[in-house]
Amino acid sequence: MTQQTKEPVSAKESIRQTRIQKLAELADKGINPYPYAFDKDADAKDLQEKYKDLPAGEETEDFYSVAGRVMAIRNSGMFIDLMDTTGKIQIFSHKENMDPEMVKTLKLVDIGDILGFYGSIRRTPRGELSIKAKNFKMLSKSLLPLPNKQISEEKLEQLKMYHTMSDTETKYRQRYVDLIVNEKTRDTFRKRSLIIQKVREYLTNQGFLEVETPMLHTQASGANARPFITHHNALNMDLTLRIAPELHLKRLMVGGLSEKIFELSRCFRNEGIDTRHNPEFTMIELYQSYVDYNEMMVLTENLVAYVAQEVLGTTKIKYGDNDIDLTPPWDRKTMLGAIKEYTGVDFGEFFTPKEAYDKAKSMHVEVDEGMNWGQIVEAVFEAKVEPTLIQPVHILDYPREISPLAKVHRDNDRLTERFETRVNGWEIANAFSELTDPIDQRHRFEAQALAKANGDEEAMSIDEDYINALEYGLAPTGGMGMGIDRLVMLLTNSPTIRDVIAFPTLKKVEN
RNA sequence: GCGCUUGUAGCUCAGCAGGUAGAGCACUCCCCUUUUAAGGGAUAGGUCGCGCGUUCGAAUCGCGCCAAGCGCACCA
């Protein structure tokens with residue numbers, strides 16, 4: 001290769017060039033660095049388990065082929081740590097055990113390469129289970145350097161970590177590198193998958209039918225949020241990405257598809273981004289005929305407890321500094337009761353927004369003049385009560401004005417039969433005795449439409465077709481929605497939602 | 001959208017009363033092969049996020065921009 005003089009070449013690029021050179025050297029040996037398949041017959045974890053009693057220094061005649069990524073090379077290639085998706089196994093590649101040509105080829109191996117090894121099981125005098133390599137096959141040549149292991153003051157624990165990469169931007173933009181390098185990241189996303197699997201399993205076992213409804217809506221509804229707007233060319237019409245699947249799911253309930261349905265749904269809300277919010281997120285919504293919100297509380301608790309037990313083996317979890325006990329039954333407090341409990345003020349005694357507003361003001365809660373009674377109550381709750389709610393608790397009986405899809409409370413027409421479940425202070429579930437009365441639903445929509453006309457960008461508008469569906473008759477129905485990302489955060493002790501979404505939304509970077 | 005903080009080698013970081021950059025590991029080469037976060041030796045690697053300004057001189061000071069983190073607002 002011609003040496004281009006003195007243009008500054010980054011270390012990264014020079015490493016890349018070196019490795020591209022090695023591709024050529026491999027080609028000279030007739031080796032394809034990107035072959036089609038490899039016949040592996042063992043995983044690192046299975047071997048570690050199977051030979052856990054093999055004493056240090058012992059050799060066997062048991063041959064296996066393993067494959068994985070080179071994570072460390074020690075002693076000039078004599079010891080290689082190979083990592084597959086189950087774990088790690090050491091390769092012992094002494095030159096006496098391999099043919100000379102293999103030994104030469106081994107010199108072309110870099111950390112990061114994916115290799116297949118064939119050899120016998122032994123445990124080194126040091127006690128490390130190893131594959132005593134007879135030969136190996138290059139399965140994919142890596143051209144870029146991995147983030148390197150650090151020198152460390154923290155000894156033993158550190159020995160298990162090959163590399164580190166803590167730069168958050170790289171973590172999220174190049175998740176593939178984060179995954180290669182950080183066991184915690186791999187663990188989190190494996191748990192995420194398992195959590196979703198267990199949610200599905202629990203509901204399916206309970207007789208729920210999994211359904212799919214549109215993500216492209218002609219009208220955003222089912223929640224209070226601003227939507228993303230897109231355009232369909234052939235139909236020449238704007239569509240919104242769904243902010244919630246709620247109204248479509250209840251249409252299916254009207255149809256009587258099943259007494260129990262659920263959908264795991266990606267939703268999109270055009271709102272701010274922070275440690276608990278990503279513009280696209282995953283929620284589950286479920287509906288069950290002939291039950292009310294009381295049944296939904298039990299279901300919520302049992303579902304979460306089941307998932308925790310299956311995934312973590314316990315319902316007592318630790319999140320940050322908090323010990324959280326997810327064992328059912330969970331606490332229940334009415335919203336007005338909780339406010340009274342924490343502040344001594346009973347907002348149920350105020351019958352006009354003005355009274356509620358004045359009281360909230362005197363309690364130093366930020367409220368606006370235009371707010372209705374329900375909004376003020378909610379603001380007071382969020383300011384005075386919510387931050388203290390660490391253990392799981394269902395907050396019951398939300399004000400009617402802020403719950404346009406929930407049935408009026410059977411004992412108090414200012415309230416609805418709605419609860420939100422708080423864990424670690426976060427809303428993780430929201431559920432109602434679903435509003436099934438088409439006349440009332442129209443009134444609620446009209447109130448929302450009025451708020452929207454008065455500048456509330458997140459208020460709902462009237463969905464005529466949905467009312468039409470309700471007019472055919474919706475059986476008494478309990479419904480519940482749960483934020484899957486937050487559930488995953490909770491069960492994986494993740495401090496930010498970005499740690500549980502593989503590719504969180506980030507700004508595009510212009511080269 | 002607002003405020004605060006951060007951005008130096010592949011990674012983790014130091015340098016910042018202004019004098020054109022350092023460390024460890026990684027990389028390259030040599031020695032060493034049942035030695036294991038190996039060891040010994042020698043190299044190489046940087047538009048100091050981007051731009052403008054102040055200055056004889058800017059990684060360092062000022063302004064603007066970009067990106068990220070955290071907080072606030074909005075929301076799940």
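Quick note on labels: first sequence line is chain A, next is B, and so on, each numbered from 1.
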Exercise. At under 4.0 Å between heavy atoms, what does R123(A) touch on the DNA or RNA strands: base, sugar-phosphate, or nothing?
Worked result: nothing
Problem set entry | C1'-based separation of A44(B) from G22(B) [nearest Å] | 15 Å
For this session: Looking at every strand, decide which applies to G272(A) at a 4.0 Å heavy-atom threshold: base, sugar-phosphate, or nothing.
Result: base
Problem set entry | side-chain N/O R126(A) vs A37(B) OP1/OP2, d < 4.0 Å | yes
Exercise. Does a distance-only test, which skips hydrogens and angles, find a donor-acceptor pair under 3.5 Å between the side chain of S76(A) and the base of C32(B)?
Worked result: yes
Problem set entry | Flag side-chain contact, heavy atom, 4.5 Å: E434(A) against Y293(A) | no
For this session: Check whether the side chain of T124(A) and the base of U36(B) form a donor-acceptor pair under 3.5 Å.
Result: yes
Exercise. Are any of R498(A)'s side-chain N or O atoms less than 4.0 Å away from OP1 or OP2 of G69(B)?
Worked result: yes
Exercise. Within less than 4.0 Å of OP1 or OP2 of U12(B), is there a side-chain N or O belonging to S166(A)?
Worked result: yes
Problem set entry | Phosphate OP1/OP2 of U28(B) contacted by K22(A) side-chain N/O (<4.0 Å) | yes
Exercise. Taking N and O atoms by type only, does the side chain of E96(A) place a donor or acceptor under 3.5 Å from a partner on the base of U34(B)?
Worked result: no
Exercise. What is the minimum heavy-atom distance between I402(A) and R418(A), and which atoms define it?
Worked result: O-NH1, 2.9 Å
Exercise. So what does N278(A) hit on the nucleic acid, given a heavy-atom distance under 4.0 Å: a base, only sugar-phosphate, or nothing?
Worked result: base
Exercise. Should R226(A) be listed as having a side-chain N or O under 4.0 Å from OP1 or OP2 of C74(B)?
Worked result: no
Problem set entry | 5′-ward residue of the pair P495(A)/E271(A) relative to RNA chain B | P495(A)
Exercise. Do the side chain of D274(A) and the base of C74(B) come within less than 3.5 angstrom through a donor-acceptor pair of N or O atoms?
Worked result: yes
